[in-house]
**Student:** 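Shown below is the structure under consideration.
Residue numbers start at 1 and run along the sequence shown. If you're wondering where the values come from, they're calculated on a predicted model, not measured in any experiment. All ligand and atom numbering here is 1-based and tracks the order in the structure.
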Amino acid sequence: MINFTVGPVQMEEEIREIGAEEIPYFRTPEFSALMKENESLMTRFMKAGDKARTVFLTASGSGAMEAAVINLFTPDDRLLVVNGGSFGARFVKICAVHGIPYDEIKLESGRKLTAGHLIPYAGQGYTGFLVNVHETSTGVLYDMDLISRFCRKNGMWLVVDAISSFLADDFRMEEWGVDLVLTGSQKALALPPGIAAVVMNERAVKRVEKAEPRSLYFNLKDCLRDGERGQTPFTPAVGILIQMNRRLKMIDEKGMEREREQIESLASDFRRQISGMPFEIVSESLSAAETPLHPTGTLPDGSPVSAYRIFEILKDEYGIFVCPCGGELAEKVFRVGHIGHLTAEDNKKLIDALKDMQNRGLL
Ligand SMILES: *Cc1c(COP(=O)(O)O)cnc(C)c1O
């Protein structure tokens, strides 16, 4: 099996071996030291600055999205949400569930955010901005320089979901004035799903410390307090945090920029090889994390080639997983991930499988 989805992704053997070990008791100085190390590496990798803090939630990425919103904002805020796909729509739902006023900038699938989209919302009294920097559902990477300038100019709090972008694309939290950024364990961190990291700058920490979210489990103030001594309020996914420690150190040894270059080079290798085949890349602005593809061919009976059918055939007949899309895009687009433990060899196997499908008249 080769896994080209965008999460969970393939893990290095050393990380998988750690997953086979017994889970140690965690209220110990040893585990606290490991957690402090995780916090400092994570904060550094986000380029968050010296005063930033990171906490780890035992939750999928969506848990961290919800925690971010309810700990930083209240019904007295007014948020602007970029909704370019299902993850943007998730931020919208979180605001709605918690009664936090919002307006959404709805983008057509595959379209990037432009200055023109933002103009109508300037100087309108919005207090916060929510964005998924890489809208994984459609494969669009938004322009953080543009967003950062807009938020600074309008005095808005900036919350960024970088779940699938972290390590794949450049991210400069402090420089961009991002107040809170979050990511998850199962994307480019290439760990099992179950841990989400929330990185907060100094002013976000201060605001969170005064917040009264209506949630026991997702109270970031408690996480920050216990995190000072390397602990968490509740039993965390201890095993994944141990795997994370190893993985963060591996990235540090290699150099984070090198990690990103590897992902970028896999992505460009794949994009080079797919050109000339019956596919169209359907994003105005790509992340290195994935390539969204629309099949352009027709079958002998004249019907358009279905993206979902390609996903099924690759899975069932070639042992290769690509990422199908949901909703309206299901038949039109599938995505090929470039994160996780993948090689140029793997790319070649996927291209060969697609060429074989082409020869069989399936593309
Ligand atoms: C994967 C992902 C999430 C998190 O999804 P979970 O299934 O809750 O882990 C959130 N936002 C983006 C942009 C993602 O790619």
**Student:** May I have every N or O pair linking ligand 1 to the protein at under 3.5 Å, one per line with atom names and distance?
**Tutor:**
unit_1	atom_1	unit_2	atom_2	d
ligand 1	8 (O)	Ser60	OG	2.5
ligand 1	8 (O)	Gly61	N	3.4
ligand 1	8 (O)	Ser62	N	2.9
ligand 1	8 (O)	Ser62	OG	2.5
ligand 1	9 (O)	Gly61	N	3.0
ligand 1	9 (O)	Gln186	NE2	2.8
ligand 1	11 (N)	Asp161	OD2	2.6
ligand 1	15 (O)	Thr136	OG1	2.4
ligand 1	15 (O)	Lys187	NZ	2.7

**Student:** Should the pair Arg149 and Trp176 be classed as cation-pi, given the thresholds of under 6.0 Å to the six-membered ring centre and 45° from the axis?
**Tutor:**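 So Arg149 doesn't make the cation-pi contact.
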**Student:** Output a table of donor-acceptor pairs, distance under 3.5 Å, between side-chain atoms of residues 297-305 and any protein atom two or more places apart or on a different chain; print 'none' if there are none.
**Tutor:**
unit_1	atom_1	unit_2	atom_2	d
Asp301	OD1	Ser303	N	2.9
Asp301	OD1	Ser303	OG	2.7

**Student:** Do Gln231 and Asp226 pair up side chain to side chain, a donor and an acceptor below 3.5 Å, judged on atom types alone?
**Tutor:**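 On atom types as modelled, these side chains do not qualify, holding no pair under 3.5 Å.
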**Student:** Residues sharing Leu329's hydrophobic cluster, by side-chain heavy-atom contacts under 4.5 Å among ILVMFWY, directly or via others?
**Tutor:** Val282, Val333
**Student:** Considering only NZ, NE, NH1 and NH2 on the basic side and carboxylate oxygens on the acidic side, decide whether Arg44 and Asp252 come within less than 4.0 Å.
**Tutor:** yes
**Student:** Please tabulate, for side-chain N and O atoms in residues 87-103, each donor-acceptor pair with protein atoms closer than 3.5 Å (sequence neighbours left out).
**Tutor:**
unit_1	atom_1	unit_2	atom_2	d
Arg90	NH1	Ser62	OG	2.6
His98	NE2	Glu66	OE2	2.5
Asp103	OD2	Tyr126	OH	2.7

